[in-house]
A.B. asks: 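Encoded as structure tokens, here's the structure I'll be asking about.
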Amino acid sequence: MVSASIIILGIRVAQLLFALIVMSLTAYVAHWYNVDTMTTSPSQINWLLAVSLFTIISVLYLEVTPRFMPRLSHPLVAIGLETGNAIFYFSGFVALSVFMSRLLFCRGSVCHAAQAAIAFGAIEFLLWTGSAILMGKELAKSGVLNFRRRGAGAKAPLSVAEMKESQAA
């Protein structure tokens with residue numbers, strides 16, 4: 001059976017590769033808007049460009065920090081980055097697809113690049129959602145995410161011990 005760390009490493013490589021693809025496609029479209037038209041690039045393009053940069057930083061944190069700086073690594077930060085990237089890519093590819101559907105015409109390499117950015121953004125969303133689910137399962141197994149209810153007689157983990165009065169002589 002394949003180890004979970006090998007699967008996660010493969011997902012991270014795919015996330016990094018697709019982030020570079022999304023970055024190059026959206027940068028091409030943004031450059032075309034900024035140079036060849038009288039308008040600035042749409043915010044939907046800029047958002048996917050920023051999200052791909054955030055992905056590169058996230059993958060570096062998620063893979064480098066636990067190996068070389070374990071004191072700076074925290075599981076809740078990791079699950080936050082995982083879910084944050086999934087949400088960012090979901091909002092990015094949906095917003096860009098709505099923008100593209102409302103264009104009066106779409107042709108040429110710029111249009112195809114934007115359509116490819118939508119497709120790769122959707123793939124990134126699926127990759128980040130899958131890795132967030134795997135991370136959540138691992139955190140639940142390790143006890144970091146302990147959602148079980150405590151019994152009526154159980155003490156809170158940070159309860160203060162009762163103070164005893166001293167006997168005056």
Side-chain angles (χ1 to χ4, degrees), residues 1-27 29-30 43-101 113-164:
M1 179 162 192
V2 180
S3 171
S5 61
I6 300 291
I7 293 171
I8 291 292
L9 185 62
I11 290 174
R12 295 279 184 257
V13 168
Q15 288 167 339
L16 189 62
L17 176 69
F18 288 130
L20 292 172
I21 291 171
V22 169
M23 180 183 283
S24 62
L25 289 169
T26 54
V29 175
S43 60
Q44 295 87 349
I45 293 290
N46 297 339
W47 176 249
L48 266 181
L49 184 61
V51 170
S52 60
L53 180 63
F54 183 72
T55 293
I56 293 169
I57 294 168
S58 297
V59 168
L60 288 175
Y61 174 82
L62 291 169
E63 287 302 313
V64 172
T65 306
R67 287 185 171 84
F68 300 112
M69 297 173 280
R71 296 188 74 190
L72 296 177
S73 177
H74 195 277
L76 295 179
V77 172
I79 194 73
L81 286 173
E82 300 267 358
T83 56
N85 273 294
I87 291 168
F88 292 161
Y89 270 107
F90 181 75
S91 64
F93 88 82
V94 168
L96 186 55
S97 17
V98 168
F99 172 79
M100 293 291 290
S101 70
Q115 290 170 344
I118 293 169
F120 285 113
I123 292 170
E124 279 279 28
F125 164 69
L126 295 174
L127 285 170
W128 281 107
T129 302
S131 65
I133 290 170
L134 291 175
M135 176 75 71
K137 284 176 62 175
E138 289 297 318
L139 291 179
K141 281 182 189 176
S142 69
V144 173
L145 301 176
N146 192 0
F147 295 120
R148 287 187 223 139
R149 296 196 152 214
R150 301 189 192 293
K155 287 185 177 180
L158 298 176
S159 64
V160 179
E162 292 182 26
M163 295 182 63
K164 295 182 181 178

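No hydrogens, no waters, no symmetry mates; every other heavy atom, side chains included, goes into these values. Here the structure is a predicted model, which means the values were calculated and not measured.
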A.B. asks: Minimum heavy-atom separation for Ile118 and Ser97, please, with both atom names.
C.D. replies: CD1-CA, 3.6 Å
A.B. asks: Kindly indicate whether the side chain of Arg12, heavy atoms from C-beta on, has any atom under 4.5 Å from the side chain of Leu16.
C.D. replies: no
A.B. asks: Does Phe120 reach the side chain of Ile123, with side-chain heavy atoms less than 4.5 Å apart?
C.D. replies: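 Yes; the side chains approach each other to less than 4.5 Å.
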A.B. asks: Would you say the side chain of Thr65 lies within less than 4.5 Å of the side chain of His74, judging by non-hydrogen atoms?
C.D. replies: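 No; the side chains remain at least 4.5 Å from each other.
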A.B. asks: Got a second to check how far Asn85's CG is from Phe125's CZ, nearest 0.5 Å?
C.D. replies: 12.0 Å
A.B. asks: Would you say the side-chain atoms of Thr26 pair up with the backbone N or O of Met23, donor to acceptor, closer than 3.5 Å?
C.D. replies: yes
A.B. asks: Are the side chain of Trp47 and the backbone of Phe88 linked by a donor-acceptor contact shorter than 3.5 Å?
C.D. replies: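 Yes, Trp47 side chain to Phe88 backbone: donor-acceptor pair under 3.5 Å.
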A.B. asks: Would you mind telling me which of Leu53, Val29, Leu25, Leu96 makes a side-chain contact (heavy atoms from CB on, under 4.5 Å) with Leu48?
C.D. replies: Leu96
A.B. asks: What closest approach, in Å, do Val22 and Gly121 show between heavy atoms, and which atom pair accounts for it?
C.D. replies: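 The answer is CG2-N, 3.9 Å.
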A.B. asks: Can you measure from CZ (Phe90) to CG (Leu126) and round to the nearest 0.5 angstrom?
C.D. replies: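 If I round to the nearest 0.5 Å, the distance is 10.5 Å.
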A.B. asks: I need the minimum non-hydrogen distance between Glu82 and Ala132, along with the two atoms involved.
C.D. replies: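 Minimum heavy-atom separation between Glu82 and Ala132: OE1-N, 3.4 Å.
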A.B. asks: For Thr129 versus Ala86, what's the shortest heavy-atom pair and its separation?
C.D. replies: OG1-CB, 3.7 Å
A.B. asks: Any side-chain heavy atom of Leu81 sitting closer than 4.5 Å to one from Phe54?
C.D. replies: yes
A.B. asks: Measure the shortest side-chain to side-chain distance between Phe18 and Ser52 over non-hydrogen atoms and say whether it is less than 4.5 angstrom.
C.D. replies: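 Heavy-atom side-chain distance check fails, nothing below 4.5 Å.
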A.B. asks: Distance check, rounded to the nearest 0.5 Å: Ser91 atom OG versus Ile87 atom CD1?
C.D. replies: 8.5 Å
A.B. asks: Please give me the minimum heavy-atom distance between Gln44 and Ala95, naming the atom from each residue.
C.D. replies: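 Minimum heavy-atom contact is CG-O, 3.5 Å.
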A.B. asks: Taking all atoms of both residues into account, what is the closest heavy-atom pair of Ile79 and Gly136, and its distance?
C.D. replies: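 Result for this residue pair: CD1-N, 3.7 Å.
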A.B. asks: Looking at CD1 of Ile8 and CE of Met135, how far apart are the two atoms once the value is rounded to the nearest 0.5 Å?
C.D. replies: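 Here the rounded value is 6.0 Å.
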A.B. asks: Measuring from atom OG of Ser131 to atom CG of Leu62, what distance do you get when rounded to the nearest 0.5 angstrom?
C.D. replies: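 Separation between the atoms: 8.0 Å.
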A.B. asks: Quick one: does Leu9's side chain get under 4.5 Å of Glu63's, heavy atoms only?
C.D. replies: yes
A.B. asks: Quick one: do the Thr55 and Glu124 side chains pair a donor with an acceptor below 3.5 Å?
C.D. replies: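 Side chains of Thr55 and Glu124: no pair found under 3.5 Å.
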